[in-house]
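Note that this is a predicted model, so its numbers are computed, not measured.
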Amino acid sequence: MTLTHTELDASTLRNAFGQFPSGVVAICATIDGEPVAMAASSFVGVSFEPALVAFCVQNTSTTWPRLRGAEKIGISVLGEAHDTAARTLAAKTGNRFEGLSTTTTDEGAVFLDGACAWLDATVTQEVPAGDHAIVLMRVNELELRDEMPIVFHRSRFSRLQGVAG
C-alpha cells in the first residue's frame, strides 16, 4: 500500500496537522512597560511533577524573542468568547490587545479575562525542532475558570457542541 500524499510541502502538512483539533492559548507578558502577546495552538501539558507545559513557536517569530526573557509569562487557555481575540493575537501587525480585558501580575504575567485557565509560567528550556522550537515552561501558579474552551480545527475556531458518549 502507498499513501496518497508523498509530497510533504507546507500546505499539505498544514492540512494534515489541522485534522487534529487543539485548544488555543495566549502567551503574554509585560515587556518594557508594554503588554506583548502571541497565540499558540500547539500547547500541551507535559509533567505533573514538576509541573511543566510546552508549546511550539516558529523560528521566524518576531514576538517570541521579546517574550522569552520575561521573568513571568501568563498563559491563558482561550475560552469560547475569544474567537475574534484568537485571530487578533495571532496577527503579524496591529494591537493584539484591542478589545480585550486583561489582568497583570506584579511580576508582569498578563492574562486574558474570560479564559478557561490562567497559568503563571517561567521558561526553563527551548529545544530546536526543525523550523520551530519547543518551549518548555515551569508552572508557578494557576487559576481555573468556569469557561468552555475554543477549539482550533482545520484552520478555523470552533466551539465544543457537547459531550460524546
Colleague: Name the orientation class of the two ring planes belonging to W118 and F111 (parallel below 30°, tilted from 30 to 60°, perpendicular beyond 60°).
Modeller: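 If you compare the ring of W118 with that of F111, the planes turn out parallel.
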
Colleague: Can you see which heavy atom on E147 is nearest to which on A115, and at what distance?
Modeller: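 Closest approach of E147 to A115, heavy atoms only: CG-O, 3.4 Å.
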
Colleague: Specify the closest pair of heavy atoms between S42 and C56, including all atoms of both residues, with the distance to one decimal.
Modeller: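 That would be OG-N, 2.8 Å.
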
Colleague: Output the distance between atom CD1 (I73) and atom CD1 (I31), rounded to the nearest 0.5 Å.
Modeller: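 CD1 of I31 is found 7.0 Å from CD1 of I73.
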
Colleague: Provide the closest heavy-atom pair for K72 versus D120 in the form atom of the first, atom of the second, distance.
Modeller: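 Looking at all heavy atoms of both residues, the shortest contact is CD-OD1, 3.2 Å.
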
Colleague: List the atom of A133, the atom of E126, and the distance in Å for their closest heavy-atom pair.
Modeller: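 Nearest pair, atom of A133 first, then E126: CB-OE1, 4.2 Å.
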
Colleague: Is it the case that atom CZ in R145 sees more than 12 heavy atoms from other parts of the structure closer than 6.0 Å?
Modeller: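 More than 12 heavy atoms, drawn from other residues, nucleotides or ligands, come within 6.0 Å of this atom.
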
Colleague: Are L142 and V135 in one and the same hydrophobic cluster, where Ile, Leu, Val, Met, Phe, Trp and Tyr link if side-chain heavy atoms are under 4.5 Å apart?
Modeller: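 Cluster IDs for L142 and V135 match.
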
Colleague: Go through it in stages, so that I can follow the logic: the residues are V25 and L119, the test is side-chain contact (heavy atoms from CB on, under 4.5 Å), and I'd like the CA-CA distance, side-chain angles, deciding distance and then a yes or no.
Modeller: CA-CA 10 Å; V25 297; L119 293 88; over 6 Å; no

Colleague: From W64 CH2 over to I27 CD1, what is the distance, rounded to the nearest 0.5 angstrom?
Modeller: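 Answer rounded to 0.5 Å: 6.5 Å.
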
Colleague: Are any of the side-chain heavy atoms of L136 and V127 separated by less than 4.5 Å?
Modeller: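 Of all side-chain heavy-atom pairs linking V127 with L136, none is under 4.5 Å.
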
Colleague: Quick one: CZ on F43 to CD1 on I75, what's the gap to the nearest 0.5 Å?
Modeller: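 Output value for this atom pair is 5.0 Å.
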
Colleague: How close do H82 and L112 get, counting heavy atoms only, and between which atoms?
Modeller: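 Here H82 and L112 meet closest at NE2-CB, 4.1 Å.
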
Colleague: Apply side-chain contact (heavy atoms from CB on, under 4.5 Å) to M38 and V57, showing your working.
Modeller: CA-CA 10 Å; M38 62 184 289; V57 61; 3.4 Å; yes

Colleague: Once rounded to the nearest 0.5 Å, what's the spacing between atom NE2 of H132 and atom CG of N59?
Modeller: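 Spacing of NE2 (H132) from CG (N59) equals 7.5 Å.
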
Colleague: Say whether V151 and V44 are linked into one hydrophobic cluster, either directly or through other cluster members, by side-chain heavy-atom distances under 4.5 angstrom.
Modeller: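 In one cluster: no.
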
Colleague: Rounded at 0.5 Å granularity, tell me how far OG1 in T63 sits from CZ in R96.
Modeller: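 It comes to 3.5 Å.
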
Colleague: Linking I/L/V/M/F/W/Y whenever any side-chain heavy atoms sit under 4.5 Å apart, do V139 and L52 land together?
Modeller: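 No, it is not one cluster - the side chains of V139 and L52 are not joined through contacts under 4.5 Å.
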
Colleague: Do V110 and V53 share a hydrophobic cluster, counting only Ile, Leu, Val, Met, Phe, Trp and Tyr and linking them when any side-chain heavy atoms are less than 4.5 Å apart?
Modeller: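 Shared cluster, no.
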
Colleague: Quick check for you: to the nearest 0.5 Å, what is the distance between D113 atom CG and S76 atom OG?
Modeller: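 These two atoms lie 8.5 Å from each other.
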
Colleague: Check whether more than 12 heavy atoms from other residues, nucleotides or ligands sit under 6.0 Å from atom CZ of R68, and answer yes or no.
Modeller: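 Atom CZ in R68 is crowded, with more than 12 foreign heavy atoms closer than 6.0 Å.
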
Colleague: Are L100 and I150 joined in one hydrophobic group, where the rule is that I, L, V, M, F, W and Y side chains link up if heavy atoms are under 4.5 Å apart?
Modeller: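 Yes, L100 connects to I150 through the hydrophobic network.
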
